[in-house]
Structures are given as C-alpha cells and as structure tokens.
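To start, the structure under review is shown below, and the notes come after it.
In what follows, every chain begins at residue 1, and chains take the letters A, B, ... in the order their sequences are listed.
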2 protein chains.
Amino acid sequence: MDPVPALLAMTYRALGDQFHDRLRQIGLEPLRPAHGYVFRFLKERRATTVDIGAHLGVTKQAAAKIVAELDEWGYVLREPHPTDRRAQYVALTTKGRDYLKLADNLWADLEGEMAEAIGAATLDTVKQGLTAYLRHVHGDDQPGLRPVW
Amino acid sequence: MDPVPALLAMTYRALGDQFHDRLRQIGLEPLRPAHGYVFRFLKERRATTVDIGAHLGVTKQAAAKIVAELDEWGYVLREPHPTDRRAQYVALTTKGRDYLKLADNLWADLEGEMAEAIGAATLDTVKQGLTAYLRHVHGDDQPGLRPVW
DNA sequence: AAGGTTGGTCAACCCAGTTGACTACTTTGG
DNA sequence: CCAAAGTAGTCAACTGGGTTGACCAACCTT
C-alpha cells in the first residue's frame, strides 16, 4: 500500500483533475484552486487581503495578486473598511456567488461519486479521520490550507 | 466539515511539515518531496530519467533537473543502459539508500502517531478508502503522483 | 506628539516547472 | 535494407506563482 502522503496527494490530484475537466466542459473560466478557497472563505465572513493571505498560508502580496485577478474578472469587489481607512473589505459579487454555487454542486457530485465508489460509511470515516487528525495536530488554530509541494 | 479536497490538502501539509521539521532536527539536507518520491521509485526498479518524469507526472526536462541535483549531492548515480546507448539508468547510491531508510523510519513514526491519534482501525479505513477510490478512478494505470495546486 | 505596528502597493527576484529545438540513437514497416 | 518515425537526453528561453524588501499612509499606543 502506498504511504499516506502519496495517497493524499494522488487523491487530491484525482479529484482536482476531474473537477477541472468538468468546469472546462461547462465552459467556465479556469480559476485555480486558490481562487476557489478565497470564494469559500469570503462566503462566510468579511475579510481583508491580509486575512485572505493568512487563510491561504501565503504572503499578503501573493494574496493581493489573487484578489486583483478576481476583481478584474468580476468575481469580487473591494469596498472601504468601515473603521480603518487603510483597509478594504473584499466581497463576493453575484457572479462570484454563482460561480461558487456551481462549483459546490460539482464538488458535491464528485463527493457523491466517491461515496458510491468506496461506500458512504467509508467516506465518512475518511473525513472524520482526517478532521480528527488535523485537530490533533493543530488544535483549534488551523493553519493556511495551501499545501507545500 | 471541510470539503474533502481541503482535508486532503491540509493533512498532506501537516504531515509534510512535521516530516520536514524532524529531518531538519536530525540535520539532514533538506530534500524536497519530489526527491523522496524518486528514491522510493528507484528502490524497486531500474529507471531512466524519462521513467522518473512519467512517475512524478512532470516533463522529462524537469525530471532531469531533479536527477542532476541528486547526482550532484551523491544520492544517485547514472550508469549506461545495457541495450540503448542513448539512455542511462539512474541508480541509488548507498547514501541514497541510507537516506531513504531514515526517511521511511520517520514516515513510519508519523503514521504511528497518526494511528494513535485517530485509532489504528480508522487510519486503516482511511488508507483503504483512498486506495480504493484511486483504483476506481484510474484502474490499473496510476498517473503521476505529483499534485497540481 | 512620538514611535511602533499594520494594511496595502510597487518592484525586484526566485525557482520549479514549462515549451521548443536539437542531437544521437533506436524501432518500424514497405 | 533503408528511410521515416519515434525516443532519450540536453540546452535555452520563458512562465507563473510565489518570495523578500522597501515604502506610504493610517492606526494604535503611551
């Protein structure tokens, strides 16, 4: 059996490749994983570029580039921060929310197919197990989610 | 609960970071994951640079760079291919095998700690589940193991 | 009001990958 | 048998997504 990290990497890639293919079939712009993570992050909270960088585990400069792209493409917009005149909140546009919704459906499809392939109970154990391990390692302050290859 | 790809990515990173830290504590050269995957690949078979590239899921040029580094650092050497005068077999040196052995021990430690944290049975299910999914997606011809972020 | 901290931007750089072109050798099939 | 197609490896130029460092303006102390 392959070692755990290889299993994780290969599964990640397998899922990502399928996701990417289906997005392309639909004809959507080929956003990268980091963009999706930003969407999901912004869905639940208001955030500055610095927050986004911390969430992704990259520098604020790198985060700024990503935000600039998303802005240019119309997925997010910047609005002034209510109390701090240096800062800007980054917010999803309708286009951004639509994209996220579609992507979430795609992910749900893929996860459903995974459940079908290996059994819903097994998939559930996988998710529980990984979640528990992350809690074990990091406690409550989860780090950025960008893997480092 | 986080979506599956995020769980995979975060777990991969968590394991990788710990591995990297421990290697550094021991004082070993900071090889990158790709190097490790090459070691593991070469442990079991003779391979050319092209083979290695295919295994990693990168171009032969990228693979050549990795092999050149490993050669320079003394972990592998190149020997002439017995029948094809264009090709070279890449082989682990003793230094390479020692490194691999040490790294394998480290990985085993980490996997052991993971088993302790989430339960051996759960870990086993995780591994079985991911393996089964990969078989489901790819059949028998597994692709390169490099994730694409 | 002074000094340290923080959000954001600009610019230069890094590095691991890519594409493309090429040589030398091997394989194929008419 | 030989010409054409294919393959191993190398060189060079480029790309993209990150980094570090310097900076300004606003903010937060004290």
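Ring geometry for A/His55 against A/Phe41 counts as parallel: the plane angle stays under 30°, on a 0 to 90° scale with 60° as the upper cut. Using cut-offs of 30° and 60° on the angle between ring planes, the pair B/Trp73 and B/His35 is perpendicular. Ring geometry for A/Phe39 against A/Tyr75 counts as tilted: the plane angle lies between 30° and 60°, on a 0 to 90° scale.
At the phosphate of C/dT18, OP1 or OP2 sits under 4.0 Å from a side-chain N or O atom of B/Thr59. Between A/Thr48 and the phosphate of C/dG7, there is no side-chain N or O to OP1/OP2 separation shorter than 4.0 Å.
Applying the salt bridge (Lys or Arg N to Asp or Glu O under 4.0 Å) rule to pairs touching residues 44-59 of chain A yields A/Arg46-A/Glu79, sequence neighbours excluded.
Atom CG in B/Leu56 sits about 15 Å away from atom C1' in C/dT18, given to the nearest Å. The CZ atom of A/Arg32 sits 11 Å away from the C1' atom of D/dG18 (whole-angstrom rounding). As a whole-Å value, the separation of A/Ile52 CD1 from C/dT6 C1' is 16 Å. Between the CD atom of A/Glu69 and the P atom of D/dT15 there is a distance of 16 Å, given to the nearest Å.
Annotation: A/Lys95, atom NZ; neighbour count of heavy atoms from other residues, nucleotides and ligands within 6.0 Å is above 12.
Checking D/dT10, D/dT19, C/dG8 against every side-chain atom of B/Ala64, the shortest atom distance belongs to D/dT10.
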Give every pair of a protein N or O atom and an N or O atom of nucleotides 20-22 of chain C that lie under 3.5 Å apart, one pair per line with the distance.
unit_1 : atom_1 : unit_2  : atom_2 : d
C/dG20 : O6     : B/Gln61 : NE2    : 2.6

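Note on the helix from C/dA1-D/dT30 to C/dG30-D/dC1: angle between the axes of the first and last five pairs equals 30°, rounded to 10 degrees.
Remark: A/Glu116 pairs with no residue by the side-chain contact (heavy atoms from CB on, under 4.5 Å) rule, at least two apart or across chains. Partners of B/Lys127 by salt bridge (charged side-chain N to carboxylate O under 4.0 Å, His left out), not counting sequence neighbours, listed by chain and number: B/Glu111.
Using a cut-off of 4.0 Å between Lys/Arg side-chain N and Asp/Glu carboxylate O, A/Lys65 and A/Glu72 are scored as not salt-bridged.
Closest heavy-atom contact between B/Val126 and A/Thr125: CG2-O, 4.3 Å.
Distance OG1/B/Thr49 to CZ/B/Arg78: 6.0 Å, rounded to 0.5 Å.
Using a 4.0 Å heavy-atom distance criterion, B/Thr49 is classed as a sugar-phosphate-only contact.
Along DNA chain D, the nucleotide closest to B/Asp51 and the one closest to A/Ile66 are compared, and the more 5′ of them pairs with B/Asp51.
A side chain to side chain contact (heavy atoms under 4.5 Å, CB included) with A/Met10 is found for exactly one of B/Leu8, B/Thr131, B/Leu134, namely B/Leu134.
Taken residue by residue, residues 71-90 of chain A places heavy atoms nearer than 4.0 Å to DNA chain D at A/Thr83, A/Asp84, A/Arg85, A/Arg86.
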